[in-house]
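Read through the structure below, which is laid out as structure tokens, and then see the notes.
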Amino acid sequence: MSLIPSWFGGRRSNVFDPFSLDLWDPFKEFPFPSSSLSASNFPQTIRENTAFVNTRIDWKETPESHVFKADLPGLKKEEVKVEVEDDRVLQISGERNVEKEDKNDTWHRVERSSGKFMRRFRLPENARMDQVKAAMENGVLTVTVPKVEEKKPEVKAIQISG
């Protein structure tokens, strides 16, 4: 007995059989990344131009500094740029290149993104733009921007005469 009707591409398999090798992919014919990314249904031009836009960056503020952490797995520090602009803008950018393809290769799945990325952050007035530090460890970029020390108001006791 077929649990998937023949109008689903003529497949006759049991969807409840965990050992079935015949998997139906409803998104197979669409031109966007899905669970079945192969060279036949995901053209090379799309793969080459896929933007590396999902760069997630956390920004936290501590009493001493602003700390940015970016997950950049597989990138070397030479492939990442950290820049500071005059108007207190921190820019983190880089590029992940597409792997060289061999004509004899058959791609079964392409899930890693490639291309350029750029994120910009306007920093508050208390950021010390001349002391920005960046470090890369295990695919995590950490950018530390120290804060200007707040000057505590000087309180002077005034003696009352009388």
Check [X] against [Y] and note the closest heavy-atom contact, atom names and distance.
{"X": "N126", "Y": "E61", "answer": "ND2-OE2, 3.9 Å"}
{"X": "R122", "Y": "D87", "answer": "NH1-O, 2.9 Å"}
{"X": "P146", "Y": "S65", "answer": "CA-CB, 3.7 Å"}
{"X": "M118", "Y": "R120", "answer": "CE-CD, 4.0 Å"}
{"X": "E85", "Y": "Q91", "answer": "OE2-OE1, 3.5 Å"}
{"X": "W59", "Y": "H66", "answer": "NE1-ND1, 3.2 Å"}

Who passes side-chain contact (heavy atoms from CB on, under 4.5 Å) against T142, sequence neighbours left out? V67, K69, V140, T144

side-chain contact (heavy atoms from CB on, under 4.5 Å) partners for V84, two or more places apart: L90, M129, V132

Would you please test R56 and D58 for side-chain contact (heavy atoms from CB on, under 4.5 Å) and show each step? CA-CA 7 Å; R56 305 285 189 212; D58 296 337; 5.6 Å; no

With a 3.5 Å distance limit and no angle check, can you tell me whether Q131 reaches the backbone of R128 through a side-chain donor-acceptor pair? no

Walk me through whether L123 and V89 qualify under side-chain contact (heavy atoms from CB on, under 4.5 Å). CA-CA 6 Å; L123 296 170; V89 174; over 6 Å; no

More than 12 heavy atoms of other residues, nucleotides or ligands under 6.0 Å from CD of E78: yes or no? yes

Quick one: sort the F68 and F121 rings into parallel, tilted or perpendicular, breaks at 30° and 60°. tilted

